[in-house]
There are 2 protein chains.
Amino acid sequence: MFSKACEYGIKAIIYIATQSLKQERVKIGDIVENVGSPEAFTAKILGALTKHNIVKSYTGPYGGFEIERDSMKSINVADIVFAIDGESIYNGCGLGLSECNSAKPCPMHDKFVKVRSELKKMLQTTSIYDLAQGVKSGRTILIR
Amino acid sequence: MFSKACEYGIKAIIYIATQSLKQERVKIGDIVENVGSPEAFTAKILGALTKHNIVKSYTGPYGGFEIERDSMKSINVADIVFAIDGESIYNGCGLGLSECNSAKPCPMHDKFVKVRSELKKMLQTTSIYDLAQGVKSGRTILIR
DNA sequence: CATATTTACGACAAGTTTATCCTAATAATT
DNA sequence: AATTATTAGGATAAACTTGTCGTAAATATG
């Protein structure tokens, strides 16, 4: 469903958020150790997320990544997916037609639009803060 | 959402079905002309769908592809996706954890399972026959 | 200012999906 | 049997995604 890049990005952001809740900046090494993703690739993805202002990064000693409490509450999974994969997941015809709308729909248009808008809604209403709280409480896990 | 292979496969099957409703076998050239997909790649996908008994193929003059009326009604989009992409779309953790279930879920597990099961249900309740009727009636289109 | 620590970034490599090409197998017609 | 029309299938190529590596830039500390 998601690309690997998205999977790694979402998990990294959640992990950073859990540590930021404890006022702790995390280094890339900590992140990949705790989410089980390849280091260099994850670093590249975090670079993109930094540019999109989803996470803040600091170079040098005592540097690393962090997310402000405010951001954590306002940023949702849809923002992360958009920053990494663009809007391709949300737009475009399910069967690949160059144009497809209710006036001239592909055979699956109506049903496809319905489930996709549910997916979009789900991603938009799932905040990083909530996900981080789940991990913090021990109810959910980031690695296995 | 779907792979290109699935997009081409679904469209090809729908087109074959519309022609089978008129008792006409179709050649690969007709198919790609009417759904706008690359010929050799589409032929390969149809080979897989033939092996899975989703479509019937005949070599030689007057050969081509056809789908029986019965099959058309019993086969749904989920069957096509399964034949091409396997069950990977339906199973597996949304964040890529090797194991993920309600006992030890990833942070997105519950919400993810919900939308995915809606997707699965949608695919399972969408028959080729219905999709072909939509195209036949002119209400929906396969190429643009 | 030198050193150590950390992210940034670009080049490259490996793997997967998508796409093409060529030949073989099958079957209908003459 | 020869010819022609068609799918089957393997080898190869191109494009995209995933992953690695090395060096540069930034910054804290002594």
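A note on names: the letters A, B, ... follow the listed sequences, proteins ahead of strands, and every chain is numbered from 1.
Taking only distance into account, the side chain of A:Lys56 never meets the base of C:dT7 through a donor-acceptor pair shorter than 3.5 Å. Residue side chain B:Lys44 reaches the base of C:dT20 through a donor-acceptor N/O pair under 3.5 Å, judged by distance alone.
Projected onto DNA chain C by closest heavy-atom contact, B:Cys6 and A:Thr50 fall at different nucleotides, the more 5' of which corresponds to A:Thr50. Between B:Gly47 and A:Thr59, the residue whose closest nucleotide on DNA chain D is further toward the 5' end is B:Gly47.
One finds a side-chain N or O of A:Tyr8 lying less than 4.0 angstrom from the OP1 or OP2 phosphate oxygen of D:dG19. For A:Ser57, a side-chain nitrogen or oxygen approaches OP1 or OP2 of C:dA8 to under 4.0 Å. In this structure, A:Lys27 reaches the C:dT6 phosphate: one of its side-chain N or O atoms is under 4.0 Å from OP1 or OP2. In this structure, B:Tyr58 does not reach the C:dA28 phosphate: none of its side-chain N or O atoms is under 4.0 Å from OP1 or OP2.
In this structure, B:Glu7 places its CD atom 13 Å from C1' of C:dT17, rounding to the nearest Å. Straight-line distance from the CD1 atom of A:Ile31 to the P atom of C:dA8: 10 Å, rounded to whole Å. Computed from coordinates, the B:Glu39 CD to D:dT7 P distance equals 8 Å when rounded to whole Å. Spacing between atom CZ of A:Arg25 and atom C1' of C:dT5 amounts to 13 Å, rounded to whole angstrom units. Spacing between atom CD1 of A:Ile84 and atom P of D:dG19 amounts to 13 Å, rounded to whole angstrom units. What separates CZ of B:Phe41 from C1' of D:dG9 is a distance of 15 Å, to the nearest Å. Nucleotide D:dA8 holds its P atom 13 Å from the CD1 atom of B:Ile45, rounded to whole Å. In this entry the distance linking NZ of B:Lys4 with P of D:dC16 reads 11 Å, nearest Å.
Counting heavy atoms from C-beta on, the side chains of A:Ile13 and A:Ile75 never come closer than 4.5 Å.
Crowding of A:Lys56 atom NZ: a count of heavy atoms from other residues, nucleotides or ligands under 6.0 Å not exceeding 12.
Here the straight-line distance linking atom CD1 of B:Ile80 with atom NE2 of B:His52 works out to 12.0 Å at 0.5 Å rounding.
Using a 4.0 Å heavy-atom criterion, one finds that B:Leu46 contacts no nucleic acid atom at all. Residue-level contact check: B:Val55 touches neither bases nor backbone, having no heavy atom under 4.0 Å from any strand.
Side-chain atoms of A:Ser20 come within 3.5 Å of backbone N or O of A:Ile67 as a donor-acceptor pair. Side-chain N or O atoms of B:Asp130 include none that pairs as donor or acceptor with a backbone N or O of B:Thr126 at under 3.5 Å.
The side chain of A:Pro61 lies closest to C:dT5, out of D:dG9, D:dA5, C:dT5. Closest approach to the B:Ala40 side chain among C:dT20, D:dT18, C:dT26 is made by C:dT20 (side chain taken as heavy atoms from C-beta onward).
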